[in-house]
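Just so we're on the same page: letters track the sequence lines, and every chain starts at 1.
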Amino acid sequence: VVSWSAMLSTYAYGGEADGAKACFESMPQRNVVSWNTMVVALVGTGDGAGQAKQLFWRMPSWDAVSWNAALAVTADGGDVSGAAAIFENMPERNATAWMSMISVYAQHGHLQGAGEIFERMKQQDRGCAAADSAAAWNSMVAAYAKAGHAKAAIEVFEAMQVDGVAPDASTFVILLTACSHQGLLEQCCYYFTAMIGDHGVTPGMDHYSSMISILGRAGQVDRAAEVAEAMPIRGD
RNA sequence: AUCCUGGGUU
């Protein structure tokens, strides 16, 4: 079952819905992972969302991954309230569910909804993986960043540290680009430096390219070149 | 083996 499911996900990855279907149907046995993989495989093909939803409801049983997949499919169709309904009716909410729901709201500009989910997560899930993970906070930082509220994003960034959660590499990618979109050049440089010095995060290609593009847009070609020089590896 | 956070382009 594991190898068949692995094969199935290979089809899914390549966007080959037909191959995935054939594979799914010829499997000797299917478990919940196979079903989940198939549901995801259908997404992004023609009327895939509808088919994925149908398949989802035909599943013999669901796990947390299944529900999250259904949530994602619904949200991709732009159906925010539908996604919210699935979220509310999920038997179990893992870290992924919380983060997905936050980002669904954020992507549709519903900052308040995102904030409410975030608060609920912190209350219901404290001590568990979700609320303590940088990723969960990242989705909230990103929510504000996306809305163009760099200042609020920075506040969340600071709040996470007060809560004892260490920002990770992704946090800084979000933060740097949020500042750049707001034209907060000096803040970018500040956080880039702090990231390395105070947080012990090694800058990756993502961070370098953010910095270079920010500096470039600000006309600071010399500083952009300096950053590029400092890269340990050759860039793209 | 399957869902999920985050940037640049859309």
(request) Write down the distance between CE (A:Met160) and C1' (B:U5), rounded to a whole number of angstrom. (result) 11 Å
(message) Nearest whole Å is fine: how far is B:C4 C1' from A:Phe87 CZ?
(response) 12 Å
(request) Using atom CE of A:Met90 as one end and atom C1' of B:C4 as the other, report the distance to the nearest whole Å. (result) 10 Å
(request) Figure out the CG/P separation between A:Leu71 and B:U2, and round it to whole Å. (result) 19 Å
Sequence neighbours left out, cut at 3.5 Å: what donor-acceptor pairs do the side chains of residues 220-228 of chain A make with other protein atoms?
from	atom 1	to	atom 2	distance (Å)
A:Gln220	OE1	A:Arg223	NH1	3.4

(request) Nearest 0.5 Å please: distance from the CD atom of A:Gln54 over to the CG atom of A:Leu42. (result) 9.5 Å
(request) Measure the spacing between OG1 of A:Thr37 and CG of A:Asn31 and express it to the nearest 0.5 Å. (result) 8.0 Å
(request) Could you state the atom-to-atom distance from CD1 of A:Ile102 to P of B:U5 in whole Å? (result) 12 Å
(request) Would you mind reading off the distance between A:Phe118 atom CZ and B:U5 atom P, rounded to a whole angstrom? (result) 16 Å
(request) Have a look at A:Ala135 and say if it touches a base, only the backbone sugar-phosphate, or nothing, with a 4.0 Å heavy-atom cut-off. (result) base
(request) Establish, yes or no, whether a centroid distance under 6.0 Å links the rings of A:Trp137 and A:Phe157. (result) no
(request) May I ask you to verify whether the side chain of A:Asn36 and the base of B:A1 hold a donor-acceptor pair under 3.5 Å? (result) no
Check: protein-nucleotides 6-10 of chain B nitrogen or oxygen pairs below 3.5 Å:
from	atom 1	to	atom 2	distance (Å)
B:G6	N2	A:Ser170	OG	3.2
B:G6	N3	A:Ser170	OG	3.1
B:G8	OP1	A:His181	NE2	3.1

(message) Please check this pair: side chain of A:Trp67 against backbone of A:Arg93, looking for a donor-acceptor N/O pair closer than 3.5 Å.
(response) no
(message) For residues 182-207 of chain A, which residue pairs pass the side chain to side chain donor-acceptor pair (under 3.5 Å) check, not counting sequence neighbours?
(response) A:Gln161-A:His199
(message) Determine whether the aromatic ring centres of residues A:Phe56 and A:Trp35 are separated by less than 6.0 angstrom.
(response) no
(request) Report the distance from atom CE of A:Met38 to atom C1' of B:U2, rounded to the nearest whole Å. (result) 12 Å
(message) Any base atoms under 4.0 Å from A:Val40, or only sugar-phosphate, or nothing? Heavy atoms, all strands.
(response) sugar-phosphate
(request) Pick base, sugar-phosphate or nothing for A:Ala69, based on heavy-atom distances below 4.0 Å to the nucleic acid. (result) sugar-phosphate
(message) Nearest whole Å is fine: how far is B:C3 C1' from A:Met59 CE?
(response) 11 Å
(request) Under 4.0 Å between any heavy atoms, over every strand shown, what does A:Asn31 touch: base, sugar-phosphate, or nothing? Just pick one. (result) base
